[in-house]
Engineer: 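This is the structure I want to talk about, given as structure tokens.
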Amino acid sequence: MTVTVLWLIAFALILYFSYTQWEASVSPGLNKIMPRVLKSGHDNRWVWSLALAVIGATTLVRPIDMLLTAIVVAVLVLIVKKLADWALGRADFH
């Protein structure tokens with residue numbers, strides 16, 4: 001129960017601050033790291049604020065789980081990249 005309350009408090013604070021500080025800090029920061037494909041002309045303030053709040057609250061409450069998830073995702077990306085490079089090397093494009 002305590003973990004849930006802490007997660008909800010962290011979620012609410014991160015959501016509030018990311019939404020209120022959108023123009024000053026969050027939007028320019030996201031524009032620097034986001035690929036062009038994900039950028040749109042629409043105001044996605046709510047979507048990104050909610051996503052940042054969920055990820056931030058989960059990272060604050062369960063940091064080891066988030067670290068292990070990031071490691072697993074990185075290993076999977078590396079495996080897929082190596083397999084794609086191998087497949088493209090074996091393909092005959094003549």
Side-chain angles (χ1 to χ4, degrees):
M1 181 69 174
T2 305
V3 173
T4 305
V5 171
L6 289 174
W7 190 90
L8 287 173
I9 291 170
F11 174 79
L13 288 174
I14 293 170
L15 179 65
Y16 172 75
F17 286 119
S18 66
Y19 188 77
T20 57
Q21 297 296 319
W22 181 260
E23 294 298 328
S25 61
V26 179
S27 181
L30 281 176
N31 284 336
K32 288 180 185 175
I33 63 171
M34 230 178 2
R36 187 174 0 136
V37 174
L38 292 176
K39 294 179 185 178
S40 67
H42 305 299
D43 187 23
N44 293 327
R45 177 185 288 198
W46 276 107
V47 174
W48 284 106
S49 294
L50 284 171
L52 290 173
V54 168
I55 291 172
T58 305
T59 302
L60 287 174
V61 173
R62 306 203 41 109
I64 301 300
D65 292 348
M66 292 299 286
L67 178 64
L68 291 175
T69 302
I71 290 171
V72 167
V73 168
V75 167
L76 289 174
V77 166
L78 181 65
I79 289 171
V80 167
K81 184 178 181 289
K82 293 291 182 181
L83 283 173
D85 288 343
W86 175 79
L88 286 174
R90 304 253 322 170
D92 187 19
F93 292 111
H94 293 256

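No experiment lies behind these values; they were computed from the predicted model shown.
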Engineer: Treat each ILVMFWY residue as a node, draw an edge where side-chain heavy atoms are under 4.5 Å apart, and state whether Y16 and I9 are in one component.
Structural biologist: yes
Engineer: L6 and side-chain contact (heavy atoms from CB on, under 4.5 Å): which partner among T4, T2, L8?
Structural biologist: T2
Engineer: State which residue, out of L76, L68, T69, fulfils the side-chain contact (heavy atoms from CB on, under 4.5 Å) condition with V72.
Structural biologist: L76
Engineer: Can you hop from L13 to V5 via hydrophobic side chains spaced under 4.5 Å?
Structural biologist: yes
Engineer: With rounding to the nearest 0.5 angstrom, report the CH2 to CG distance, W22 to L52.
Structural biologist: 7.0 Å
Engineer: I'd like to know if I14 and F11 are part of one continuous hydrophobic network [Ile/Leu/Val/Met/Phe/Trp/Tyr, side-chain heavy atoms within less than 4.5 Å].
Structural biologist: no
Engineer: For a quick test of your reading: what N or O donor-acceptor pairs under 3.5 Å do the side chains of residues 53-61 make, sequence neighbours left out?
Structural biologist:
from, atom 1, to, atom 2, distance (Å)
T58, OG1, W7, NE1, 3.1
T58, OG1, V54, O, 2.7
T59, OG1, I55, O, 2.7

